[in-house]
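One structure is given below, encoded as structure tokens.
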Amino acid sequence: MSRGFHHLRLEDWARLRVELAWIYEGPVENAYLEETSPHFGQSIFLIRQGGVKIVTDEGSAQAGPGDWVLPRQGARRQKFLADTRLLSVHLHLHWPGGKPLFDWPVALVFPSARFPRFEVKTRRLERFVQKEFPGAGHDLREKTASLQTDCRLRNYFSAWLEAFTGILEELHLEPSHMESIDARALAVAEYLDHISFSEPCREEILGARVGLSVSQLNRLFLRHFGLTPRRYFERRRLENALVQVRRSRPLKEIAYDLGFKSLPHFSYWFRQKTGHSPSSVRTKPK
């Protein structure tokens, strides 16, 4: 990797969001066989059986049994064959504002035989998760654990992440760096990353926290993150919604957790953002 990548300050690395969202091995769930919704975070698939096609504005890529597939983060369409089975990892690996640490136009596809140790590391991580959190799916981060178990999970994940970034180095992928961000914009972004969805996102209050007017704050956010604080918060809420609707919890409870006063209000918002209703995403047939 580039010299700059190896020599960032530890203070800068501390701002990188690195989090395992889920890992599992098995068939592709019905709701995921064909998707056109926005995609947040980095997905990684090892196709055991079947196949997948990834389509973005820049082109398309296909993969079959024995291939690792890394779709690009962001807008894409992916369609799995109905009988597909895979080893799947999903993680967050981006800078404040959502800029991925690594990016590519469509998808990276390479045979698992090229990097056999990577499959070993991935299976070790998957076995640990299934042992400590039986049946954990997309709600892994909601599971409870002791501090010791959390430390062990971090150790397994760190070993996996080192192997993952090593592969990207061998594939000559250049990592991004966190650009110089105004401290006031960064403070608001980090605040929005952690507040409850029930909290109001009022830009005048956010600006007052850092001594800026609404127009000044919006200009800073647009310069650094490409969107306003309100849209930044909405993106985080949509990311959470896309995960929540595939869980077994009642949709009304999810709506309230996401800060909506009613299920119809949430459903209307979700359809506008994704083109689908929450119930249709949850129950999409094969």
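Worth knowing before you read on, the calculation uses all heavy atoms, side chains too, and leaves out hydrogens, waters and symmetry mates.
The pair Arg72-Asp103 counts as a salt bridge, with a side-chain nitrogen and a carboxylate oxygen less than 4.0 angstrom apart. With respect to the salt-bridge test (charged N to carboxylate O, under 4.0 angstrom), the residues Arg15 and Glu190 qualify.
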The test is salt bridge (Lys or Arg N to Asp or Glu O under 4.0 Å); show your working for Arg77 and Glu34 and say whether it passes. CA-CA 7 Å; Arg77 177 173 179 262; Glu34 185 171 357; 2.5 Å; yes
Worked verdict on Val28 versus Leu81 for side chain to side chain contact (heavy atoms under 4.5 Å, CB included): CA-CA 9 Å; Val28 178; Leu81 297 178; over 6 Å; no
Can you give the donor-acceptor pairs under 3.5 Å from side chains of residues 252-260 to other protein atoms, not counting sequence neighbours?
unit_1, atom_1, unit_2, atom_2, d
Asp257, OD2, Arg249, NH1, 3.1
Asp257, OD2, Arg249, NH2, 2.5

Give the table of side-chain donor-acceptor pairs shorter than 3.5 Å for residues 43-54, with sequence neighbours excluded, one pair per line with atom names and distance.
unit_1, atom_1, unit_2, atom_2, d
Ser43, OG, His90, ND1, 2.9
Arg48, NE, Glu25, OE2, 2.8
Arg48, NH1, Glu119, OE2, 2.7
Arg48, NH2, Glu25, OE2, 3.2
Arg48, NH2, Glu119, OE2, 3.3
Gln49, NE2, Asp83, O, 2.9

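In summary, the aromatic rings of Phe118 and Trp160 are positioned with their centroids under 6.0 Å apart.
Taking the salt bridge (charged side-chain N to carboxylate O under 4.0 Å, His left out) definition, one finds that Glu234 meets it with Arg237, sequence neighbours left out. Looking at residues two or more places apart in sequence or on another chain, you find a salt bridge (charged side-chain N to carboxylate O under 4.0 Å, His left out) between Glu19 and Arg17, Arg141. Under the side chain to side chain contact (heavy atoms under 4.5 Å, CB included) criterion, His224 pairs with Ile181, Asp182, Ala185, Leu220, sequence neighbours left out.
Contact annotation: the side chain of Leu168 approaches that of Leu108 to within less than 4.5 Å [non-hydrogen atoms, C-beta and beyond]. Looking at Ser277 and Ser267, their side chains never come closer than 4.5 Å, going by heavy atoms from C-beta outward. Residues His94 and Leu101 are not in side-chain contact: their nearest non-hydrogen atoms beyond the backbone lie 4.5 Å or more apart. Proximity of Leu125 to Phe157: side-chain heavy atoms (C-beta onward) are separated by under 4.5 Å at one or more points. Between Leu70 and Phe164, some side-chain heavy-atom pair lies under the 4.5 Å cut-off. Using a 4.5 Å cut-off on side-chain heavy atoms (C-beta onward), Trp95 and Pro100 make no contact. Using a 4.5 Å heavy-atom cutoff, the side chains of Thr165 and Leu173 are not in contact.
Cation-pi geometry between Arg235 and Tyr232 is met: the NZ or CZ atom falls under 6.0 Å from the ring centre, inside 45° of the normal.
Cluster membership for Val18 and Tyr156, using ILVMFWY side-chain heavy atoms within less than 4.5 angstrom, is shared.
Sorted by first and then second residue, the pairs that involve residues 188-217 and meet ring-ring contact (aromatic ring centres under 6.0 Å, His included), not counting sequence neighbours, are Phe197-Phe233.
Using modelled atom types and a 3.5 Å distance limit, the side chains of Gln216 and Ser213 yield a donor-acceptor pair.
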